Amino acid sequence: MGKRFLCLLAAAAALTLPAAPAIRQRTIAGRNCCNLDDLLTLNRFLVRQTGGTLSAAGRGMSLRFERNQRRFLCNGFRVELCFPTAFDGAAPYLSVLDWRKVLRPLLFPASVPSHPVRTVYLDMGHGGADPGALGAFSREKDLTLALGRKTAALLRRNGFKVVMSRNSDVQVPLARIGPLQRQSKSDIFVSIHVNSAADRTLSGIETFCLTPAGAASSNGGKNKTKTHPGNRFDANNLALAWHIQRAVLKSTAATDRGIKRARFAVLRDLSAPGVLIEVGFISNRAEEKRLNRSDYQDKIARGIVDGIVSYRRSLSLKP
């Protein structure tokens, strides 16, 4: 990435909350937290709190937070916080980490560092001796390759340069993905996977970006303080996930499983913003059938490309 982008990242990392008493701050469960009502009101949102639900509208956006929940809704789409909302009596609090790494990038796109988006590295999960998740009649590695090829073709038609981790049924070791992406000098990274679960009723799409240092991943585990190379792009990772998740859901009308956090190996060592998208559940028979339909694959590919175009456009909309 260029020196200008890294300088912008450093400036964004230095952003702090307005000083008290503008926003009340507390230490709750060992975390630095800010009053969510104060935070939103100060930023010109109309806030309404009913019981354990806080709703807010402003800047063309709507938000909905639930008491002690990690998930919130932004314009109706699900987003995972680093930590659940906390309460001091009836007053709702949000961790300062969530303000900096989640809410601020969503509410203020101008706070997300700009960078060129010309080259996309597409990673198609699994391959070769590694079939990935298995469905009733199909394999993850075949679905991701088909989706990757369709996505790459659409990206090229939209003027992007594309680098693919594979274009045939070969296995690329996970440990090689990060070095290959860095070698490609791509501007963003998108890894395509297919989900599976013991509960065969589960369906839908979820997009992961790297867990910030100091937080636990969405699927559990401990809060880890180690910073990975990919954490340099935390705000951009979240923004890229937001644009891709929304666009793919609009294109497919699939169930929204949210924007989530994980320390996946393919996301940790990137030299550019990156996400991993789980495009559906091969373990769900109805969804497996859809995932194998060419027209549905076209919708997923179109959504990924639309999300990348939307992300690039958001970076250019600077004051």
Side-chain angles (χ1 to χ4, degrees), residues 73-80 105-106 109 112 117-125 132-133 138 140 142-165 186-196 202-209 236-260 262 264 266-267 272-282 284 286-316:
L73 295 180
C74 181
N75 285 357
F77 294 95
R78 292 170 56 168
V79 182
E80 292 274 341
L106 289 178
V112 178
V117 185
R118 305 187 190 100
T119 302
V120 180
Y121 192 102
L122 281 182
D123 171 45
M124 284 68 71
S138 57
E140 180 179 6
D142 301 320
L143 292 172
T144 60
L145 181 58
L147 285 164
R149 286 171 170 169
K150 286 175 180 283
T151 304
L154 275 175
L155 283 167
R156 291 184 181 113
R157 267 185 277 202
N158 280 269
F160 293 93
K161 179 182 176 182
V162 181
V163 179
M164 302 172 73
S165 63
S186 72
D187 300 306
I188 61 171
F189 171 92
V190 177
S191 186
I192 301 173
H193 284 256
V194 178
N195 228 331
S196 183
L202 292 179
S203 66
I205 294 170
E206 55 194 20
T207 301
F208 289 85
C209 51
N236 294 80
N237 294 338
L238 189 281
L240 180 60
W242 167 254
H243 286 279
I244 288 179
Q245 177 76 359
R246 285 192 312 158
V248 177
L249 290 174
K250 288 178 180 178
S251 181
T252 62
T255 299
D256 178 15
R257 289 185 54 82
I259 294 169
K260 298 183 176 182
F264 293 138
V266 296
L267 298 178
V275 300
L276 183 149
I277 181 169
E278 297 273 9
V279 297
F281 281 78
I282 201 170
N284 180 301
E287 193 149 75
E288 181 185 12
K289 290 179 179 177
R290 284 195 296 274
L291 289 167
N292 278 274
R293 283 185 2 224
S294 181
D295 64 324
Y296 191 73
Q297 292 175 3
D298 289 340
K299 290 178 180 180
I300 293 172
R302 168 52 61 191
I304 293 172
V305 174
D306 286 348
I308 292 171
V309 170
S310 178
Y311 170 75
R312 180 174 63 179
R313 186 181 303 119
S314 75
L315 297 177
S316 68

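Only a predicted model underlies this, so the values are computations on that prediction, with no experimental measurement involved.
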Minimum heavy-atom distance Leu122-Ala152, with the two atoms named: CD1-N, 3.7 Å
Mutual orientation of the aromatic rings belonging to Phe189 and Tyr121 [parallel < 30°, tilted 30-60°, perpendicular > 60°]: parallel
Salt bridge (Lys or Arg N to Asp or Glu O under 4.0 Å) against Lys150, all qualifying residues, sequence neighbours excluded: Asp298
Spatial distance of atom OG (Ser191) from atom CD (Glu278) [nearest 0.5 Å]: 8.5 Å
Rounded distance (nearest 0.5 Å) linking atom NZ of Lys299 with atom CD1 of Ile304: 15.0 Å
Interatomic distance, Phe77 atom CZ to Leu249 atom CG [nearest 0.5 angstrom]: 6.0 Å
Sidechain-backbone polar pair: Glu140 side chain, His193 backbone, donor-acceptor under 3.5 Å: no
Beyond-backbone contact of Val309 with His243, side-chain heavy atoms, under 4.5 angstrom: no
Residue pair Thr144 / Gly125: nearest heavy atoms and the distance that separates them: OG1-O, 2.9 Å
Gap separating the CD atom of Gln297 from the OG1 atom of Thr252, nearest 0.5 angstrom: 13.0 Å
Side chain to side chain contact (heavy atoms under 4.5 Å, CB included) evaluation trace for Ile259 with Leu238: CA-CA 8 Å; Ile259 294 169; Leu238 189 281; 4.0 Å; yes
Partners meeting salt bridge (Lys or Arg N to Asp or Glu O under 4.0 Å) with Arg302 (sequence neighbours left out): Asp306
From CD1 (Ile277) to CD1 (Ile244), nearest 0.5 Å: 6.5 Å
Leu291/Ile300 under side chain to side chain contact (heavy atoms under 4.5 Å, CB included): CA gap, chis, key distance, verdict: CA-CA 9 Å; Leu291 289 167; Ile300 293 172; 3.8 Å; yes
Leu276 and its side-chain contact (heavy atoms from CB on, under 4.5 Å) partner, picked from Val266, Ile192, Asp123: Val266
Audit row: Arg312, Leu315, side chain to side chain contact (heavy atoms under 4.5 Å, CB included) steps and yes/no: CA-CA 5 Å; Arg312 180 174 63 179; Leu315 297 177; 5.5 Å; no
Distance (rounded to the nearest 0.5 Å) between Phe281 CZ and Arg290 CZ: 12.0 Å
Flag side-chain contact, heavy atom, 4.5 Å: Glu80 against Lys260: yes
Least distance between heavy atoms, Pro273 atom then Tyr311 atom: CG-OH, 3.9 Å
Residue pair Ser138 / Asn292, side-chain donor-acceptor N/O under 3.5 Å: yes
Residue pairs involving residues 243-259 (criterion salt bridge (Lys or Arg N to Asp or Glu O under 4.0 Å); sequence neighbours excluded): Glu206-Arg257
Worked verdict on Val194 versus Glu288 for side chain to side chain contact (heavy atoms under 4.5 Å, CB included): CA-CA 10 Å; Val194 178; Glu288 181 185 12; over 6 Å; no
Contact summary for Val248 and Gly303, nearest pair of heavy atoms: CG2-C, 3.5 Å
Nearest atoms (heavy-atom pairs only) where Thr151 meets Val305: O-CG2, 3.8 Å
Met124 versus Leu145, closest heavy-atom pair with distance: CG-CA, 4.0 Å
Within-4.5 Å side-chain heavy-atom neighbours: Cys74 and Trp242: yes
